[in-house]
Structures are given as C-alpha cells and as structure tokens.
Chemist: 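One structure is given below, represented as structure tokens, and several questions about it will come after.
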There are 2 protein chains.
Amino acid sequence: MKLPPSASDRPPTSVDVARLAGVSQATVSYVLNDAPGVRISEETRAKVRAAADRLGYAPHASARALKTGRSDLVLCPVPDVALGSLFGIWMREMTERLGERGFRLVLLQGDAQAKGVAAARAWAEWRPAAVLVQEDRLTRAAVRQLHAAGTAAVVAIGPEPSALTPTLVFDDAGIGRAAARHLIERGRRRLAAVVPTEPVLRDFGERRLAGVLTEAAEAGGAAGSGLAVERVDLPFDEGAAAAVAARWAVSPDRPDAVFAYNDEYAVLMLRALQDAGLDVPGDVALVGADDLPWAALLRPRISSVRILGEGAAGDTADWIAGLIRDRERSPAVHRALTRVEIVPRESS
Amino acid sequence: MKLPPSASDRPPTSVDVARLAGVSQATVSYVLNDAPGVRISEETRAKVRAAADRLGYAPHASARALKTGRSDLVLCPVPDVALGSLFGIWMREMTERLGERGFRLVLLQGDAQAKGVAAARAWAEWRPAAVLVQEDRLTRAAVRQLHAAGTAAVVAIGPEPSALTPTLVFDDAGIGRAAARHLIERGRRRLAAVVPTEPVLRDFGERRLAGVLTEAAEAGGAAGSGLAVERVDLPFDEGAAAAVAARWAVSPDRPDAVFAYNDEYAVLMLRALQDAGLDVPGDVALVGADDLPWAALLRPRISSVRILGEGAAGDTADWIAGLIRDRERSPAVHRALTRVEIVPRESS
DNA sequence: CGAGGTTGGTGAAACGTATCACTTATACGT
DNA sequence: ACGTATAAGTGATACGTTTCACCAACCTCG
C-alpha cells in the first residue's frame, strides 16, 4: 500500500479533502456529516468520500467541539476501575447504547480525592455533553460550575434522588431486601447484615443494610415478629471476622442468618464461622451478592443475590440522551439495575 | 453564595476574564498558563486570577487543542474494565503519574471489536498525545493512521515487543515462571498449566504457560529431568474441570502440581480435584495468581503469585512522556510489572 | 420568453485559545 | 540630554470546523 501523496506532514484537513475532490470545504463538511436538508449529488458525495478515504482523513474533534460549542463526550469519573464485574458489564453496555445515540462514554479515574467545584472545573474543560458522577462528589457549586460551562446534563449516581441534579439511582437497597426476603422465607429470624468499613464499599453496605431492615420490618408486621437484625461493621480482615464468629459461637441469641454484603465478604464470614465451630447452613445461613462465578464452587456453595445487568442500559442511555436534549422536560430520577433475584444454593 | 454577574448564559471565556480584569486576552492566557519567558507583574497576575475565579472560568480544552495541534489526552482503549484488580491498581497509578507530567489518561471501552485502521481513525479524532492499546488491535495501517493524525506516541501493550511500534511489555510469562519455580522447588515434577479458553484471557494464559515451560526447561536441564508439563485448556465451567479431574484421578502419571492461571481458576480446579477424590496438596499441589484476598480463605488456603504493581508506574509514565517528546530517541521497549513473588500457602 | 422554483453547490464568518511581532513607559549609563 | 535596555503588556492572526447567506445554472409553465 502506497502512501497518498501528502502535501505536508500535518494531518490532513477537510480543506485537503476538498482540494483533492475538487469541491469546496463546505461541501466536504456537508457530505461527511450527512447533513440533513442539503442537496448534494450522489456523484459529488462519492468523490468526497473517496478523497477522504485516500487521505486517511479523520475529522478534528476539537475543532468541531469548538465550533459547535459542545462535544459528544459523556464523562464518567470513577473512583476505581475494578469496582466489580457488575459495574464493568453495565459500563460496557452503557458505552454501546450511548454510542448508538451519538455519544462517547469516557472513563476518568485517579482523581478520587478531587471533589466539588475544583473537580467540576477540570471535567468542564472538555465541555462534555454530560457528566455521570458519584453523588457524594457533587456539591451545589460543582453542579452550577458544570452547567455554567455548558454541560447539558449533570447526572448524580447514588442510592437515592439527589436534591442537586437528576439522579441515576442504583437500588442497592433492593439487594438487601432480596437477601432478607429469602432468609426469612427459609424460616430464619435473627438476621445479621455485614457492612464493610472500607471507604468506597461502606456506602453501598449501608444501603444494602437498609434494604434488609425494610424487608424485616415489613415481614415482621405480617409474620408476627420475632425478627431481629444485627448490624456488623467489618473490614476485610480474617481476624476481625474471627472475632465476630467467636462471639456468636458462645452467644445464645446469635444470628441464624448472615447477609454478607457480597460474595467476597461471604467467603470471609464462611471461613470465620466454620473455624468457630458453627455449621453453615445448619447453625447459620449465609447469603452473598453479585453472584461471582467462583462463589458457587465453595463448600457449601454460596447463595447469592444476582443483579441482572443485561438489557437495562438501553433505557438508561435513552434517559441520559433525553436529559442532554432537554433537561427541563426529562424525569429527574431514573432507576437502574432494579431487577435482582436470589440464587439459592447450599449455604442458605 | 451569589452568582457572579454573568454577562450572558454562555460559558465564560478568556475574553470575559480579560474584560473583568481590565487587561488583554493575551495577558490572561500568559498568566493562567504560567507562560515561561513572559514578564507580567505580580499585581496584574493577581487581578487576572481573581477575575478567573470570580467567573468560574474553565479554559476550553478543545480550543486549546485546536490551537496547539495536540491535546494532553492519553487514550487507553480497553476491552473490558473489570480486567482484574491488578489492572485497576496499575491504571490508577498510571493516571496519577501521567497527570504529574501534564497528561490525562482516559479509558475508552466498548469498541472491543473495533480494530485496525477504523478504530485508529476514531481514536485519532481527539488528536491524543498518545494511545496505549492492546497489541493485537493494532495493524501497520492503524499505526500509520495515528501517526498521520499527529499522535506522537502509539504504544502497544503486549507480551513481547511489537514490530510495529514501541511496546509496553507486560511480563505474564514471569508469573508462570514464578509458579513453576515454586512448585519445582517443592519437589513436584509433573506440572499442569491451565489456559483459559475465554477470548481475552486465553492470550494471557498462553504467556503464563510459556513461562512455565521456560522454567521447566531450565530446571530440567539442571536437576536432571523427570520434569513434564501438561497443558490444560479449560473454560470456566465446573463440568469441564470435573472431567479433567476425573481423568487425572485414574491416571498413573497424573500431574502432581497445577498452576491454575489465576485464583479464580484455582478455586475451580480445587473443587474439581476434591470432588474427584484427590487431596490438595497431598496428591496435587495448586497455585493461583493475582493474590486475591479471598483466595487465602479457602480450604486449603491457596498459594498465589503476587504481582507487585506499586511504584512501577512512575518509570512507565516517564517512558511514555519521553516517547511523546521524542519518539526517535526513546527506547522502543519498556517492561512493566516485572516484580512478581510467590505467596506460599497451604495448597502447595 | 421571462418569472419563479429547484438543484447543486460556494464564500465567509465565527468558535476560544496560544503566540508572534510589536509598542509604550520607565530606568540606566555616560 | 541622549541612546539604549528592560519591564509590562497589547493587537492580530491562525488552528479546522460548522453553518448561514448567497449564487449560478437549469427546468417548468403560462
């Protein structure tokens, strides 16, 4: 393959394409963008496309963003890329669905500490169409900064609707509810819920615990009580888990069921409970969450709450696209990943 | 907090800042960029900065990129965000280190199928300073396309130096070597190495297997042989693993040690081996990799190869920055994550 | 045969920034 | 007092697009 006769060493521009095709630069723009309501003959279109191809022309996104005043970027600053496989699946699908609607989802990470208006200013520099960000990293000033910089949609991600801006609600409480319902149906009455102490996970843990409490309260009213919920704050540490298990081993009113936040904490609790001489599920039932593939391989196989991520991203992408188009006339709340189901196995 | 008296609803520009500060737009640019070799009084600098602050001015990154011809973006198209925690740690550190050098690392995902020149054209649109991408998604035409669009550094990520462009070598073979060395030192002679059949993981698996083979060959020469390595292609499926274990259970020359690719495959093999009546580590030793926290909690606790990610990113960031500055005079190969160590536990 | 519509384009003006080439005012050396 | 050096800053241009306002043919029809 020969190099096209490049007039210079600078990247080819639409002017170069126009020159090669023998048309004006405006025509190139119209053709390559398939501009609606513009009449260009098929013959000319073919010439332009051929010229663009020959030159390996790639439009200058920055020039376009400058001219139009906004980019097709949807920024998503994340605290940590490895937030779990569920997040990865959701992200991949969101990327695809937003792409179909003309947007490009981009992950920023690293500036986990950057919050508020300083972070907002950094995000605003690329004039994104939308910013998707964890609710607790937003302030009123940050939202205003982003809007002032032309960001059409500032979307908070959190467990409940934000007062500041439209919110994408991830229903972590529903995970706790599903776990609790399952355990109660199996006849368990004294539930424990693990809340991780790690910075990022704690907030999710709180919500999952809240779901357990909600479900227990409802079932308690219906089934005539006897229901109790114990909260267990736990770092991912074998010693800490062992201490909890040791306490339970000698306690007459120990929990007969544990919702362990997720499958990783479930294996932590499993080990501790077994080491303390407690049988799972005989003495204590155990439920994790996220349905990680390897959790089904343990002894006993661990029951888990599965979150159904597939297919839901299309609606969310539509919501975000709508928000970008017209923030006023779009619903301020969208719920994602609401479909959860228990996968019962040997541990409960 | 009151809104600054915004003259319009458009985002503030450097001209607005200049007007408010009573200076020219050029001065604003010089001050806010700390331009070297330009003499501006401290008094004026203060005025400009105050005005920018009052207006909530955020520079228009696209306008800057258009003017300067290049952006500070380092694009990293990844097939899947949840590539494992190690990748996450490495990414976070790279983001930080590149940030210190004036670059912004950005993750693109989703277009996993996009390869070659079409993908390159899409990446080139933002005129990134560098593109970091899995080696197998590059072609000669793609590299040329990116360079033609002004990308200073096209970096391949792969197990060995690419012929096309500078390469960031991730030494997966070293992981296999470390596992094999450990097992051989423990007196094992008939090794098996698991290679996942999943699309993304297979390539890594091949490299880890290659490391096992290398180490076995070297040790075989020294220790007087008897060493054998069996390759096990395995999907993450309990039935498939059980079939392998069942075959081994009745085989006189079954492996006495398995390197399971990673900790997840290790638990898959562990379950299958135990179900087949084989003792771990009595009959078969087992080693995983990635040192996931929960793998240490199984029965038996699983030995693992740990990759030391911390601290190595600074050198890599320097290398990439050097590549961007002067591609010709920079080394064409950089090795990352070369420090691995075995974490021996009960399973080996 | 000329008014008016349609087809197929073109010219030129921004968008917000960086930066080169100047300009003005003051200080300095003799 | 004169020329020169320096400090402090300004004016204007160009980067590559999109898009608005035109324009030249050609066709149609009374």
Side-chain angles (χ1 to χ4, degrees), chain A residues 7-48 51-52 55-72 102 124-127 148-150, chain B residues 7-48 51-52 55-72 102 124-127 148-150:
Chain A
S8 77
D9 57 345
R10 318 232 8 89
T13 72
S14 59
V15 174
D16 297 326
V17 175
R19 193 165 19 234
L20 181 58
V23 299
S24 75
Q25 185 266 336
T27 301
V28 171
S29 176
Y30 286 135
V31 169
L32 295 186
N33 293 325
D34 266 331
V38 169
R39 312 268 30 167
I40 309 271
S41 69
E42 200 43 62
E43 196 181 356
T44 304
R45 288 176 188 274
K47 271 196 306 186
V48 169
L55 293 178
Y57 169 71
H60 197 305
S62 290
R64 170 178 298 165
L66 173 60
K67 181 59 191 157
T68 62
R70 83 175 25 163
S71 69
D72 63 349
E125 292 196 3
W126 284 103
R127 301 295 189 264
Chain B
S8 75
D9 57 344
R10 318 239 358 96
T13 71
S14 60
V15 174
D16 297 326
V17 175
R19 194 164 21 232
L20 180 59
V23 298
S24 73
Q25 182 265 332
T27 302
V28 171
S29 176
Y30 286 136
V31 169
L32 295 185
N33 293 325
D34 267 331
V38 169
R39 311 270 23 161
I40 310 272
S41 71
E42 201 43 63
E43 194 181 358
T44 303
R45 288 175 187 274
K47 272 196 305 186
V48 169
L55 292 179
Y57 169 71
H60 197 306
S62 290
R64 170 177 299 169
L66 174 60
K67 181 59 189 157
T68 61
R70 82 177 26 164
S71 69
D72 63 349
E125 292 196 2
W126 285 103
R127 301 294 189 264

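Note that the structure is predicted; figures quoted are calculated from it, not measured. Note on naming: letters A, B, ... go to the chains in the order of the sequence lines (proteins, then strands), and numbering restarts at 1 for each one.
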Chemist: With sequence neighbours left out, write down each residue that passes salt bridge (charged side-chain N to carboxylate O under 4.0 Å, His left out) with A:R45, or none if nothing qualifies.
Modeler: A:D34
Chemist: For A:T44, answer base if it contacts any base atom (sugar-phosphate contacts may also be present), sugar-phosphate if it contacts only those atoms, and nothing otherwise; contact means non-hydrogen atoms under 4.0 Å.
Modeler: sugar-phosphate
Chemist: Return the angle between end axes of the helix from C:dC1-D:dG30 to C:dT30-D:dA1, with five pairs used per end and rounding to 10°.
Modeler: 50°
Chemist: Mind checking the OG-CD spacing from A:S71 to A:E125? Nearest 0.5 Å is all I need.
Modeler: 12.5 Å
Chemist: Between protein and nucleotides 10-20 of chain D, map the contacts as a letter string: B base, S sugar-phosphate only, - none, heavy atoms under 4.0 Å, written 5' to 3'.
Modeler: BBB-BBBBBBB
Chemist: Is there a donor-acceptor pair under 3.5 Å between the side chain of A:D16 and the backbone N or O of A:T13?
Modeler: yes
Chemist: Which of these passes side-chain contact (heavy atoms from CB on, under 4.5 Å) with A:P12: A:V17, A:L55, A:L20?
Modeler: A:L55
Chemist: Is the phosphate of D:dA7 approached by B:S41 (side-chain N or O, under 4.0 Å from OP1 or OP2)?
Modeler: no
Chemist: Test side chain to side chain contact (heavy atoms under 4.5 Å, CB included) on A:V48 and A:Y30 and set out the steps.
Modeler: CA-CA 10 Å; A:V48 169; A:Y30 286 135; over 6 Å; no
Chemist: Collect all protein-nucleotide pairs involving nucleotides 23-26 of chain D in which both atoms are nitrogen or oxygen and the distance is under 3.5 Å.
Modeler:
none

Chemist: Which residues satisfy the salt bridge (charged side-chain N to carboxylate O under 4.0 Å, His left out) test with A:R64, sequence neighbours excluded?
Modeler: none
Chemist: Tell me the closest heavy-atom pair linking A:L66 and B:H60, and the distance in Å.
Modeler: CA-CE1, 4.1 Å
Chemist: Starting at OG of B:S24, measure out to CZ of B:R19 and round the result to the nearest 0.5 Å.
Modeler: 12.5 Å
Chemist: Please find the earliest and latest nucleotides of DNA chain C, in the 5' to 3' direction, that have an atom within less than 4.0 Å of any heavy atom of chain A.
Modeler: C:dG8 to C:dG16
Chemist: Any chance you could measure B:R39, atom CZ, to B:T44, atom OG1, to the nearest 0.5 Å?
Modeler: 12.0 Å
Chemist: Which is more 5' along DNA chain C, the nucleotide nearest B:A61 or the one nearest A:E42? Just name the residue.
Modeler: A:E42
Chemist: Quick one: pull up OG in B:S29 and NZ in B:K67 and give me the separation to the nearest 0.5 Å.
Modeler: 10.5 Å
Chemist: I need the B:W126 CH2 to A:D72 CG distance, nearest 0.5 Å.
Modeler: 6.0 Å
